[in-house]
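To start, the structure under review is shown below, and the notes come after it.
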Amino acid sequence: DGGITQSPKYLFRKEGQNVTLSCEQNLNHDAMYWYRQDPGQGLRLIYYSQIVNDFQKGDIAEGYSVSREKKESFPLTVTSAQKNPTAFYLCASSISGSSGNTIYFGEGSWLTVV
Amino acid sequence: QKEVEQNSGPLSVPEGAIASLNCTYSDRVSQSFFWYRQYSGKSPELIMSIYSNGDKEDGRFTAQLNKASQYVSLLIRDSQPSDSATYLCAVNILTGGGNKLTFGTGTQLKVEL
């Protein structure tokens with residue numbers, strides 16, 4: 001089946017640890033995105049990438065890092081510099097190159113600091 | 001001013017009524033607009049996209065766009081309890097770094113029996 005796969009679905013992080021959230025898509029989409037959602041809040045853009053080996057900071061990139069070595073993969077690392085990482089993380093993808101492209105989401109990953 | 005603004009709700013409507021959800025945006029160069037539905041604990045799913053001024057209908061859903069007023073809305077006719085969810089408005093802007101989709105905080109809709 002075509003889609004966006006995020007893993008793990010649930011992740012617990014200790015204070016001071018880095019953790020990496022995986023995102024893989026087999027839709028052949030050029031663009032990929034990471035959003036963060038806090039309870040009762042909208043989605044905030046962390047990073048986005050339009051092509052392989054290139055990515056841009058979103059609105060809340062501090063404390064996060066990404067890589068885009070392959071078209072189908074866009075992992076997000078939550079570093080120890082992110083002081084309040086507990087949230088719902090959503091990966092998304094879209095066909096790039098036009099203003100009307102639609103973004104589709106993975107099922108999300110819940111990160112909790114313990 | 002937030003880039004995309006929505007009333008947080010909750011908006012309560014009786015079953016069978018029309019639900020009207022509203023969204024305003026600040027960037028005049030915004031090019032495309034989306035409505036997503038999100039059930040609690042789940043990821044957003046696309047309901048409607050709209051790119052031109054006017055109305056766009058898809059089943060029980062109608063999206064309305066007014067670029068001059070920087071306003072986009074979603075109407076849900078014959079509301080059902082299964083429509084109870086949070087509705088997110090999203091606005092796409094083409095930047096130097098590519099397409100950037102910005103979301104509002106969402107409006108919670110409750111359809112009551």
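What's counted below: heavy atoms across the whole structure, side chains too, no hydrogens, waters or symmetry copies.
Annotation: side chain of L75(B) is not in contact with side chain of F61(B) (no heavy-atom distance under 4.5 Å).
Note: Y89(A) and W34(A) have perpendicular aromatic rings, judged against thresholds of 30 and 60 degrees for the angle between ring planes.
Test E24(A), K71(A), H29(A), E72(A) against S93(A) for side chain to side chain donor-acceptor pair (under 3.5 Å) and you get one pass: H29(A).
Heavy-atom distances place no part of Q6(A) under 4.5 Å from chain B, backbone and side chain included. At a 4.5 Å heavy-atom cutoff, F33(B) makes no contact with chain A through either its backbone or its side chain. At a 4.5 Å heavy-atom cutoff, the contact between L43(A) and chain B is made by backbone and side-chain atoms alike. Residue L46(B) touches chain A through its side chain alone, counting heavy-atom pairs closer than 4.5 Å.
Annotation: the span from S32(B) atom OG to I103(A) atom CD1 amounts to 9.0 Å, rounded to 0.5 Å. The structure places OH of Y33(A) at 12.0 Å from NZ of K100(B), a figure rounded to the nearest 0.5 Å. In this structure, the separation between OG1 on T102(A) and CG on L101(B) is 9.0 Å, given to the nearest 0.5 Å. The distance from the CE atom of M32(A) to the CG atom of L27(A) is 8.5 Å, given to the nearest 0.5 Å.
Listed options Q41(A), R44(A), Q37(A), K57(A) were ranked by heavy-atom pairs under 4.5 angstrom with chain B; first place goes to Q37(A). Among Y35(A), F88(A), Y104(A), the residue making the largest number of heavy-atom pairs under 4.5 Å with chain B is Y35(A).
Hydrophobic clustering (ILVMFWY, side-chain heavy atoms < 4.5 Å, transitive): L21(A) and I4(A) are in distinct clusters.
Contacts of residues 105-113 of chain B with chain A at a heavy-atom distance below 4.5 Å involve T105(B), listed in sequence order.
Other residues, nucleotides and ligands place no more than 12 heavy atoms under 6.0 Å from the CD atom of E62(A).
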